[in-house]
Amino acid sequence: MDIDGFNQLSVDEAEAVIAHCVAIADWRRGLIQARPFASTAALLAEADRLAQGWQAAELNQALAAHPRIGERASGADKEARLSRNEQSAMQQADSALKQAMLQGNHEYEQRFGRVFLIRAKGRSGEEMLAELRRRLNNDEQSEQQEALSQLREITLLRLKETME
Ligand SMILES: NC(=O)NC1=NC(=O)NC1=O
């Protein structure tokens with residue numbers, strides 16, 4: 001969709017177009033209310049600015065919509081399809097890597113009390129496992145900031161793809 005098309009949508013239509021980017025209603029509403037945008041770059045800049053305000057509450061809201069790394073997103077909705085595509089590297093991972101990722105996810109959830117979140121697109125399974133293991137050593141505050149940064153990356157990538 002081009003930026004003029006997005007500007008001209010009704011609020012409900014625009015909501016439907018960006019619903020899969022992230023499960024944070026305030027961010028979607030803020031972005032829709034900030035229309036019209038002069039360009040896609042302006043839209044992406046505003047989306048990133050609005051995402052800078054996310055804290056623990058938004059992270060937990062969004063995590064409900066992100067399957068674990070290595071866990072095949074079930075369902076036919078757009079969000080599940082996007083997750084499967086983003087995590088495609090894990091589909092081809094060998095059983096040892098899959099097992100190590102399962103174990104890593106479990107350790108991460110024991111330590112931080114939430115699902116490990118990483119921008120999976122463009123990353124191999126080995127890279128994601130290495131990142132999980134590195135981040136296991138973070139303190140709570142640093143890890144929350146890293147997880148939020150990854151959530152922004154996933155959200156902006158999905159928005160960018162929507163506008164192509
Ligand atoms: N737990 C996750 O990190 N999930 C995901 N990362 C992505 O980039 N897509 C996902 O579904």
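One-based numbering, in listed order, for ligands and for the atoms of each.
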Could you tell me whether [X] and [Y] make a salt bridge, using a distance below 4.0 angstrom between a side-chain N and a carboxylate O?
X      : Y      : answer
Glu127 : Arg119 : no
Glu131 : Arg134 : yes
Arg158 : Glu86  : yes
Arg111 : Glu143 : no

Atoms of ligand 1 less than 4.0 Å from [X] heavy atoms?
X      : answer
His66  : 4 (N), 5 (C), 10 (C), 11 (O)
Ile154 : 6 (N), 7 (C), 8 (O)
Arg119 : 8 (O)

Geometric N/O contact [X] with ligand 1, under 3.5 angstrom:
X      : value
Glu86  : yes
Ser83  : yes
Gln87  : yes
Phe116 : yes
Ala120 : yes

>> Under 4.0 Å, heavy-atom basis, I'd like to know which part of Leu117 is in contact with ligand 1: side chain, backbone, both or neither.
In response: both
> Does any donor atom in the side chain of Glu146 or Gln150 lie under 3.5 Å from an acceptor atom in the other side chain?
Replying inline: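 No.
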> Apart from Met101 itself, what residues make up its hydrophobic cluster, given side-chain heavy atom links below 4.5 Å?
Replying inline: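 So far as hydrophobic clustering goes, Met101 is joined with Ile69, Met90, Leu97, Tyr108, Phe112, Phe116, Ile118, Met128, Leu129, Leu132, Leu136.
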>> Among all the protein's non-hydrogen atoms, which is closest to atom 4 (N) of ligand 1, and how far away is it?
In response: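 Ranked first by proximity to atom 4 (N) of ligand 1 is Pro67 O, 3.0 Å.
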>> Which residue and atom name correspond to the protein heavy atom nearest atom 6 (N) of ligand 1, and how close is it?
In response: Ile118 O, 2.8 Å
> If you look only at pairs with a residue in residues 37-51, which of them pass as a salt bridge (Lys or Arg N to Asp or Glu O under 4.0 Å), with sequence neighbours excluded?
Replying inline: Glu46-Arg49
> Do the non-hydrogen side-chain atoms of Ile24 and Thr155 ever get within less than 4.5 Å of each other?
Replying inline: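 Ile24 does not reach Thr155 side chain to side chain.
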